[in-house]
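Heads up, the thing below is written out as structure tokens.
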There are 2 protein chains.
Amino acid sequence: MRPASSSKRATITDVAHSAGVSTSAVSKVLRNAYGVSPAMRERVQTAMDELGYRPHAAARGMRGRTYTIGVLLASIRNAFYADLLDGVNAALRDTEYALFLGSGGSSEREDQTRLIHAMVDRQMDGLILIAPTVSRSEVVHIAAEVPTVVVGHHDPSPAYDCVVNQDGVGVDLVVDHLVALGHRDMAHLSHPTVRGTQWEQRPEHHVRAAYRAAMARHGLADLARVVHSGYSDEGGYRGAMELLTSTRPPTAIFAGADVAATGVFRAAAELGLRIPDDLSLAGYNNTSVAALAPVNLTSVDQAGAMMGETAARLLLERIEKRRDRAVVMASTPHLVVRGSTAPPPAA
Amino acid sequence: MRPASSSKRATITDVAHSAGVSTSAVSKVLRNAYGVSPAMRERVQTAMDELGYRPHAAARGMRGRTYTIGVLLASIRNAFYADLLDGVNAALRDTEYALFLGSGGSSEREDQTRLIHAMVDRQMDGLILIAPTVSRSEVVHIAAEVPTVVVGHHDPSPAYDCVVNQDGVGVDLVVDHLVALGHRDMAHLSHPTVRGTQWEQRPEHHVRAAYRAAMARHGLADLARVVHSGYSDEGGYRGAMELLTSTRPPTAIFAGADVAATGVFRAAAELGLRIPDDLSLAGYNNTSVAALAPVNLTSVDQAGAMMGETAARLLLERIEKRRDRAVVMASTPHLVVRGSTAPPPAA
DNA sequence: ATCTCTTCGTGGAACGTTACACGAGGGCCG
DNA sequence: CGGCCCTCGTGTAACGTTCCACGAAGAGAT
């Protein structure tokens with residue numbers, strides 16, 4: 001199992017020598033290609049084990065396949081992405097493919113471009129782009145070179161596959177839940193739209209639109225309010241401050257991301273408001289933070305692991321050319337009710 | 001800037017043709033090696049831009065260098081690791097190196113081995129192993145093949161460099177802080193020791209030893225208590241339950257990791273104990289969770305970003321052979337006091 | 001003018017793998 | 001028994017880069 005003793009790494013030639021066959025033969029069993037007898041397979045297998053041989057990925061890369069797939073992650077801090085990754089890992093576990101994450105500290109467009117290029121340059125066999133900030137045409141361009149799955153954006157293309165969540169459904173669940181509790185004045189914290197990326201259907205667009213629609217459905221269209229202060233702790237804080245110090249503070253806040261909801265907690269604490277007694281709060285994504293006892297946040301679960309698994313499976317289909325038509329997979333979210341939502345204070 | 005039009009990717013030969021020089025010349029300017037005139041550099045540079053040439057990393061890999069460094073992460077969910085990564089990214093930003101993360105869903109030893117092999121097989125130029133669970137001898141073995149930096153474990157070796165924190169100092173800060181508040185009965189939540197990994201100096205060992213020493217220093221040796229329920233939310237919950245329902249519940253709990261502290265919150269909530277009024281709680285790592293308003297946890301900050309930057313720098317020194325002796329870098333932690341610690345309830 | 005250095009460009013042999021073309025042998029059919 | 005098709009193993013030419021050895025040309029010293 002161990003490189004017997006030599007300092008250098010065993011190559012296909014060493015294996016061929018040791019087994020007394022040609023390198024082509026070894027290559028064949030390696031890829032389990034057609035035209036190799038059981039006896040041959042046996043001998044080569046033994047020789048490989050003896051020498052502790054592992055194929056040299058760079059050399060393979062020169063001939064086309066590296067058995068590597070890359071995932072681009074905007075931020076490593078968003079726990080939802082961790083769920084996604086678990087799914088991807090699970091789907092890849094029993095394959096020969098290795099998974100590598102690229103995550104530039106920032107989600108700057110330029111950094112992401114650099115990372116994607118780094119992946120392509122390393123001949124990765126497929127890419128999973130999670131909520132990419134690079135422009136859509138850039139992604140289309142990349143996808144023409146290497147199989148690609150985009151997670152999160154609702155802009156399909158014949159060039160790549162999409163995995164998304166039915167965000168509208170999740171929003172309905174939240175709004176219905178709050179209305180059922182007796183709320184009427186529910187504000188929404190959203191993410192500012194970045195211009196010029198050509199993604200028309202980012203999740204926050206869908207969520208915003210669904211929020212307005214749901215409010216209208218309940219006859220509350222004129223109470224609908226959206227603050228675009230961003231999906232981050234700081235953004236949640238600023239947005240909540242703006243809302244809660246306004247002339248008509250809402251009785252409930254629906255944050256488009258859990259991470260923004262944590263900022264709302266901070267704002268509420270500073271203003272002396274208790275959650276859920278004085279203010280109801282709901283998040284989105286059901287990240288692990290939401291489940292922490294002191295947080296205890298009502299949130300929408302997107303089944304991240306399942307989305308990740310789907311993405312990986314779609315990608316493998318493409319890489320192995322079992323499918324050549326682009327596809328969109330949308331999964332259904334559900335609501336996880338915790339302690340941050342309650343009936344509004346008696347007026 | 002764009003691949004002019006051809007479907008195939010530009011190679012060094014194309015550039016050479018277009019510039020009317022040899023491939024060797026192009027290679028030289030690529031690596032800015034010795035023996036290339038300014039005029040030549042200029043011409044080649046122009047040709048590269050025109051063709052949108054980017055070197056083919058796999059091919060480079062065959063000749064030794066891939067300009068890729070790999071980071072092994074036990075878990076992507078620990079926010080402390082995100083800080084580390086930011087540091088690594090920062091240090092690598094202006095270099096030609098790309099960073100890829102390997103993170104098997106689980107921290108199983110076998111998964112980690114597989115990942116490390118995947119990195120080595122892909123000819124990565126250097127490895128940063130963050131709190132690896134694979135056995136030490138395995139790491140030594142790997143480090144003989146490719147430059148390696150180990151982060152977290154205090155077991156130095158001539159084979160690899162180490163980046164650690166002076167955990168003892170951090171523990172002293174916590175214990176002194178609690179004693180100053182008036183606490184005497186302070187228990188410690190630790191991580192169970194995994195046998196057979198040959199790491200004798202994992203952070204939890206240091207922290208445990210320092211905890212006992214600090215207690216002794218304050219004349220509280222016989223009140224020292226350690227529960228090995230693990231660094232996880234669930235572990236913190238179980239450990240806290242055990243302690244708080246014992247015949248002599250402590251007035252303060254020092255959790256060896258923030259993630260375990262969140263479990264303590266849950267246990268306290270279930271038992272009707274308020275933090276910090278009835279129970280003081282301190283964590284370790286100062287992860288972003290600790291700073292969240294509803295959590296507001298006193299914790300020890302390890303300057304993760306700085307550690308990451310250091311690790312990257314050490315690795316580059318090794319890769320570029322500017323140093324050949326192993327080194328240990330230890331940074332100093334400091335205490336961040338928040339709202340989870342207070343004087344003990346009047347007895 | 002001749003000799004020696006330096007500087008700068010070129011040729012070409014690797015690196016480890018894959019995949020195509022080919023050929024040797026055996027079995028089956030007419 | 002000749003011809004044909006299968007099966008299974010081999011030889012070899014790439015793939016894109018690096019780097020060593022070499023040579024040509026120019027500068028400076030004698």
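Within every chain, numbering begins at 1; the chains are lettered A, B, ... in the order of the sequence lines, protein sequences first and strands thereafter.
- The CG-P distance, from D125(A) to dT17(C), rounds to 16 Å in whole Å.
- The side-chain heavy atoms of S27(B) and R31(B), taken from C-beta on, include a pair separated by under 4.5 Å.
- Rounded to whole Å, atom P of dG16(C) lies 18 Å from atom CD of Q123(A).
- Contact check for R9(A) versus D121(B): side-chain heavy atoms found under the 4.5 Å cut-off.
- Atom CE of M48(A) is separated from atom C1' of dG16(C) by 15 Å (rounded to the nearest Å).
- Salt-bridge formation is detected for the pair R93(B)/D111(A): a Lys NZ or Arg NE/NH1/NH2 atom is positioned less than 4.0 Å from an Asp or Glu carboxylate oxygen.
- The separation between E96(B) atom CD and dT18(D) atom C1' is 14 Å, rounded to whole Å.
- Residues from residues 23-36 of chain B lying near DNA chain D, meaning a heavy-atom separation below 4.0 Å, are S24(B), S27(B), L30(B), R31(B) in numerical order.
- Counting to the nearest Å, the P atom of dG16(C) and the CZ atom of R9(A) are 10 Å from each other.
- Distance CE (M40(B)) to C1' (dT10(C)): 9 Å, rounded to an integer number of Å.
- With hydrogens and angles disregarded, no donor-acceptor distance shorter than 3.5 Å links the side chain of D155(A) to the backbone of W199(A).
- With a 4.5 Å cut-off on side-chain heavy atoms, M307(B) and M329(B) do not count as touching.
- Within residues 55-67 of chain B, the residues having any heavy atom closer than 4.0 Å to DNA chain C are, in order of number, M62(B), R63(B).
- Residue T11(B) places no side-chain N or O under 4.0 Å from the OP1 or OP2 atom of dG16(D).
- Side-chain atoms of R122(A) and Y67(B) form no donor-acceptor pair, as typed in the model, at a separation below 3.5 Å.
- Residue R325(A) qualifies as open at atom CZ: its count of foreign heavy atoms under 6.0 Å is 12 or below.
- Contact check for R323(B) versus L314(B): side-chain heavy atoms found under the 4.5 Å cut-off.
- Not counting sequence neighbours, R63(B) has no partner by the salt bridge (charged side-chain N to carboxylate O under 4.0 Å, His left out) test.
- Following rounding to the nearest Å, I12(B) (CD1) and dG16(D) (C1') show an atom-to-atom distance of 7 Å.
- Remark: C1' of dG9(C) and CZ of R43(B) are 11 Å apart, rounded to the nearest angstrom.
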